[in-house]
Amino acid sequence: MTLDLSKFQATGVETCFHDRHINPQIYAGLDGSNWRLKDYEARGGYQALRKILAQGEGAGMTADQVIADVKASGLRGRGGAGFPTGLKWSFMPRALPVQKYLVCNSDEGEPGTCKDRDILRFNPHIVIEGMVIAAYAMGISVGYNYIHGEIFDAYDRFEEALEEARAAGYLGASILGSKHSFQLHAFHGFGAYICGEETALLESLEGKKGQPRFKPPFPASFGLYGRPTTINNTETFAAVPWIIRNGGQAYLECGKPNNGGTKIFSMVGDVERPGNYEIPMGTPFAKLLELAGGVKGGKKLKAVIPGGSSSPVLPADVMMNCTMDYDSISKAGSMLGSGAVIVMDDTRCMVKSLQRLSYFYAHESCGQCTPCREGTGWLSKMVDRIETGHGRPDDLALLDNVAENIMGRTICALGDAAAMPVRGMLKHFRHEFVHHIEHKTCMAGTNEHG
């Protein structure tokens with residue numbers, strides 16, 4: 001597949017944070033100086049909102065038309081699950097005469113992921129416009145953006161953008177003279193990874209301990225304060241204005257069937273130019289790696305974690321034959337997830353890498369479910385034992401067994417997120433674990449990586 005830069009310039013679908021910066025759609029500027037309302041409007045900002053709220057006979061768009069356009073776009077949730085956005089919006093009981101809520105999940109805590117915070121820093125108004133449009137489509141009058149507790153600058157900037165939008169009539173009562181009213185508020189979280197899970201986020205938003213709820217009931221029927229609620233990721237809302245301005249079909253054609261539009265990938269790890277890259281869905285991984293400057297220092301590619309730390313690792317030969325979309329990565333045995341692409345060169349020790357990941361998930365478990373509370377700790381202790389030269393011959397079978405018994409046995413997916421990296425590492429790099437146990441040394445030549 002050859003990437004057509006003229007197509008990028010027409011749609012604004014490619015962005016990176018280094019020497020390549022072609023007509024960005026989601027990002028406003030590398031230095032963060034072009035995020036103000038006037039800058040956003042100069043780039044066509046709020047035209048989509050004006051389009052749906054236009055007054056007069058035959059003008060504007062109905063809520064059903066907006067949802068139909070989003071369905072036609074093939075937009076899938078950009079937070080990790082990849083659920084079809086238009087279908088999710090259709091679950092909201094729009095005609096129900098009760099308070100309904102819209103929530104943006106900006107609690108970006110997945111290791112390796114850094115896209116949502118940069119959307120909020122570089123172009124907060126695109127998220128606001130996307131949320132106002134979504135609220136119109138679902139008959140919602142109140143919304144919240146739950147922002148990760150450790151990204152203070154993004155929270156402050158979003159608050160400033162909200163003030164600008166309210167003053168310009170894009171938020172509040174009778175938006176742009178229409179019957180649509182929508183109040184949007186920013187909420188600063190507390191830095192807990194578990195609050196990225198949508199029901200734990202709702203608990204935290206209500207002022208309670210951030211722990212996942214049992215489902216059903218689902219948020220569309222019993223969400224924030226027990227009322228119907230729709231939750232989408234930051235990047236998902238950011239895609240909506242372009243879809244409404246240009247049509248769902250045009251967005252779909254930017255990607256591939258069942259994987260419409262573009263996706264921002266956080267290229268991190270052993271690459272020459274780490275950063276965020278927005279490319280069409282279905283772009284070959286080899287092209288994405290090329291955009292990021294290739295493997296750092298000209299070293300050999302060893303492995304890639306393609307969708308954030310919770311997705312199973314893939315060896316280089318498998319990953320180089322993948323395209324960056326939900327279906328291709330799933331077929332290869334992993335997940336597209338949040339879009340954090342963790343690249344590892346041939347000096348990286350898989351045992352050391354898993355040691356760090358397992359510690360993270362054990363630390364971030366909320367403790368509500370026994371398999372997760374106990375199992376993540378066991379996984380972390382066993383991997384640590386192997387890495388530090390105290391591994392036992394039966395540890396690998398025990399790791400497999402513990403991971404298998406965590407999978408699917410917890411209220412939320414954090415247990416699975418801890419188990420899948422273990423299973424992926426043992427599937428593709430078991431020989432490194434065996435070498436650690438038998439020789440008390442690392443196959444990569446060192447136990448320490450900066």
Side-chain angles (χ1 to χ4, degrees), residues 11-13 25-26 44 46-54 58-96 100-105 119 126-140 143 180 182 198 218-221 223 228-264 278-282 323-330 335-339:
T11 59
V13 296
Q25 168 61 19
I26 287 183
Y46 291 106
Q47 286 183 4
L49 182 60
R50 292 182 181 278
K51 177 180 178 179
I52 67 171
L53 297 181
M61 294 175 67
T62 66
D64 288 333
Q65 287 174 327
V66 172
I67 292 177
D69 230 8
V70 175
K71 284 183 177 179
S73 73
L75 176 65
R76 294 170 63 169
R78 300 304 197 225
F83 192 82
T85 302
L87 181 60
K88 190 173 192 177
W89 288 9
S90 69
F91 294 157
M92 173 60 66
R94 195 167 62 224
L96 196 66
K100 296 177 282 289
Y101 295 101
L102 184 67
V103 176
C104 178
N105 186 346
I119 295 174
I126 201 169
V127 179
I128 295 172
E129 184 178 12
M131 292 189 72
V132 179
I133 292 169
Y136 171 81
M138 290 178 276
I140 298 173
H180 180 43
F182 182 62
E198 61 179 16
F218 293 94
S221 58
T229 303
T230 295
I231 308 168
N232 284 120
N233 170 258
T234 313
E235 186 186 353
T236 309
F237 284 122
V240 171
W242 196 96
I243 292 170
I244 299 303
R245 283 205 312 270
N246 299 278
Q249 187 62 32
Y251 187 80
L252 178 63
E253 291 172 357
C254 288
K256 60 184 291 189
N258 197 42
N259 295 269
T262 65
K263 175 82 182 76
I264 301 174
E278 186 181 11
I279 58 174
M281 295 284 273
T323 56
M324 300 307 293
D325 58 82
Y326 296 99
D327 298 334
S328 177
I329 300 298
S330 176
M335 305 184 305
L336 195 69
S338 62

Note to self: Suppose we screen for side chain to side chain contact (heavy atoms under 4.5 Å, CB included). Which residues come up paired with Asn105, at least two apart in sequence or across chains?
What the structure shows: Asp107, Leu201, Ile231
Margin query: Determine whether Val240 and Glu129 satisfy the following criterion, side-chain contact (heavy atoms from CB on, under 4.5 Å), listing intermediate values before the conclusion.
Written below: CA-CA 8 Å; Val240 171; Glu129 184 178 12; over 6 Å; no
Next item on the list: With sequence neighbours left out, write down each residue that passes side chain to side chain donor-acceptor pair (under 3.5 Å) with Tyr136, or none if nothing qualifies.
Entry: none
Note to self: Let's go through Phe182 and Leu102 carefully: what are the C-alpha distance in whole Å and the side-chain angles of both, what is the deciding distance for side-chain contact (heavy atoms from CB on, under 4.5 Å) to 0.1 Å, and is it a yes or a no?
What the structure shows: CA-CA 10 Å; Phe182 182 62; Leu102 184 67; 4.1 Å; yes
Notebook entry, point to check: What are the two closest heavy atoms between Thr262 and Cys254, and how far apart are they?
Noted result: CG2-CB, 4.5 Å
Notebook entry, point to check: How long is the gap from NZ on Lys263 to CG on Leu75, to the nearest 0.5 Å?
Noted result: 10.5 Å
Next item on the list: Output the distance between atom CD1 (Ile244) and atom CD1 (Ile52), rounded to the nearest 0.5 Å.
Entry: 6.5 Å
Next item on the list: Please round to the nearest 0.5 Å and tell me the distance separating atom CE of Met131 and atom CD1 of Ile128.
Entry: 9.0 Å
Notebook entry, point to check: Step by step, would you call Asn246 with Tyr251 a side-chain contact (heavy atoms from CB on, under 4.5 Å)?
Noted result: CA-CA 7 Å; Asn246 299 278; Tyr251 187 80; over 6 Å; no
Note to self: Quick check for you: to the nearest 0.5 Å, what is the distance between Ser90 atom OG and Asp64 atom CG?
What the structure shows: 10.0 Å
Next item on the list: Please report the C-alpha distance between Met281 and Tyr326 in whole Å, then the side-chain angles of each, then the deciding distance to 0.1 Å, and finally whether the side-chain contact (heavy atoms from CB on, under 4.5 Å) criterion is met.
Entry: CA-CA 9 Å; Met281 295 284 273; Tyr326 296 99; 3.2 Å; yes
Next item on the list: Taking all heavy atoms of Glu198 and all of Pro219, pick out the closest pair and write down the distance.
Entry: OE2-CG, 3.6 Å
Note to self: Checking the side chain of His180 only, and the main-chain atoms of Val132 only, is there a donor and an acceptor separated by less than 3.5 Å?
What the structure shows: yes
Item checked: For Tyr46, side chain to side chain donor-acceptor pair (under 3.5 Å) partners two or more places apart -> His125
Notebook entry, point to check: How many angstroms lie between atom CG of Leu252 and atom NZ of Lys71, to the nearest 0.5 angstrom?
Noted result: 15.0 Å
Next item on the list: Please list, chain by chain and in numerical order, all residues satisfying side chain to side chain donor-acceptor pair (under 3.5 Å) with Thr323, sequence neighbours excluded.
Entry: Asp325, Ser328
Check: Looking at residues at least two apart in the chain, or sitting in another chain, which of them share a ring pair (Phe, Tyr, Trp, His ring centres under 6.0 Å) with Phe237?
Finding: none
Item checked: Atom pair CD1 (Ile264) and OG1 (Thr234), whose distance is rounded to the nearest 0.5 Å -> 9.5 Å
Checklist line | Residues that Asn258 engages under side chain to side chain contact (heavy atoms under 4.5 Å, CB included), provided they are two or more places apart | finding: Arg76, Asp327
Item checked: Main-chain N/O of Ile67 paired to Asp69 side chain as donor or acceptor, under 3.5 Å -> no
Margin query: Check whether Arg94 reaches the backbone of Ala137 with its side chain - one donor and one acceptor, N or O, closer than 3.5 Å.
Written below: yes
